[in-house]
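Here's the structure, in structure tokens; my notes come after.
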Amino acid sequence: MANISPLLSLIAILLSSIMINHLPVASSKQWCVSKQTAKDEQLEDNINFACSNGIDCRPILPSGACFKPNTTISHASYLMNDYYQSHGRTNEACLFYFPNSGILTSTDPSYNQCIYK
Ligand SMILES: *[C@@H]1O[C@H](CO)[C@@H](O)[C@H](O)[C@H]1NC(C)=O
């Protein structure tokens with residue numbers, strides 16, 4: 001037994017390092033979305049801000065992949081994130097330009113055909 005134990009330890013170490021190497025790597029990507037507490041008025045301002053600053057707003061039109069759910073908070077989230085992703089992913093691009101209404105998350109908000117950048 002005394003001779004087997006180091007071998008078992010070695011096997012255990014090898015197995016655990018193999019398992020660790022195969023764990024999904026935690027992504028550090030962040031998305032900018034609407035705060036649940038954001039006011040609709042502010043979210044509408046955010047939508048207008050994004051649409052007049054180079055963001056493609058077609059995905060939130062009735063024919064677009066992100067139209068449903070047809071809510072201001074959902075539409076704003078999609079566009080705010082697009083703005084954030086295409087403006088250097090700085091905290092400022094989410095928190096300053098979308099005051100009291102933008103929040104960063106590390107959970108991908110994509111759903112169905114609506115793919116967040
Ligand atoms: C989407 O929501 C707006 C605002 O509530 C409403 O005026 C519009 O009729 C809705 N459109 C559809 C296609 O449900």
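Atoms within a ligand are numbered from 1 in the order they appear, just like the ligands themselves. One is the number of the first residue; the rest follow in order along the sequence.
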Write none if no such pair exists; otherwise list each N/O atom of ligand 1 with its protein N/O partner under 3.5 Å and the distance.
from: ligand 1; atom 1: 2 (O); to: Asn70; atom 2: OD1; distance (Å): 3.1
from: ligand 1; atom 1: 2 (O); to: Asn70; atom 2: ND2; distance (Å): 2.3
from: ligand 1; atom 1: 11 (N); to: Asn70; atom 2: ND2; distance (Å): 2.9
from: ligand 1; atom 1: 14 (O); to: Asn70; atom 2: ND2; distance (Å): 3.2

Name every donor-acceptor pair, under 3.5 Å, that has one atom in a side chain of residues 107-117 and the other anywhere in the protein, sequence neighbours excluded.
from: Asp108; atom 1: OD1; to: Ser110; atom 2: N; distance (Å): 2.9
from: Asp108; atom 1: OD1; to: Ser110; atom 2: OG; distance (Å): 2.7
from: Ser110; atom 1: OG; to: Tyr116; atom 2: N; distance (Å): 2.8
from: Tyr111; atom 1: OH; to: Lys68; atom 2: O; distance (Å): 2.9
from: Tyr116; atom 1: OH; to: Tyr78; atom 2: N; distance (Å): 3.3
from: Lys117; atom 1: NZ; to: Asp82; atom 2: OD1; distance (Å): 3.4
from: Lys117; atom 1: NZ; to: Asp82; atom 2: OD2; distance (Å): 3.0

### Ser34 side chain vs Ile73 backbone, donor-acceptor pair below 3.5 Å
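Side chain of Ser34 to backbone of Ile73, a donor-acceptor pair under 3.5 Å: yes, one is there.
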### Query
For the side chain of Ser77 and the backbone of His75, is there at least one donor-acceptor N/O pair under 3.5 Å apart?
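No, because the side chain of Ser77 does not come within donor-acceptor range (under 3.5 Å) of the backbone of His75.
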### Query
Listed by chain and number, what are the side-chain hydrogen bond (donor to acceptor under 3.5 Å, both in side chains) partners of Gln85, not counting sequence neighbours?
Asn81, Arg89
### Pairs flagged by disulfide bond (SG atoms under 2.5 Å apart) wherever residues 68-99 is involved - sequence neighbours left out
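For residues 68-99: Cys32-Cys94.
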#### Entry: Tyr84/Phe98 aromatic ring centres below 6.0 Å
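No, the ring centres sit 6.0 Å or more apart.
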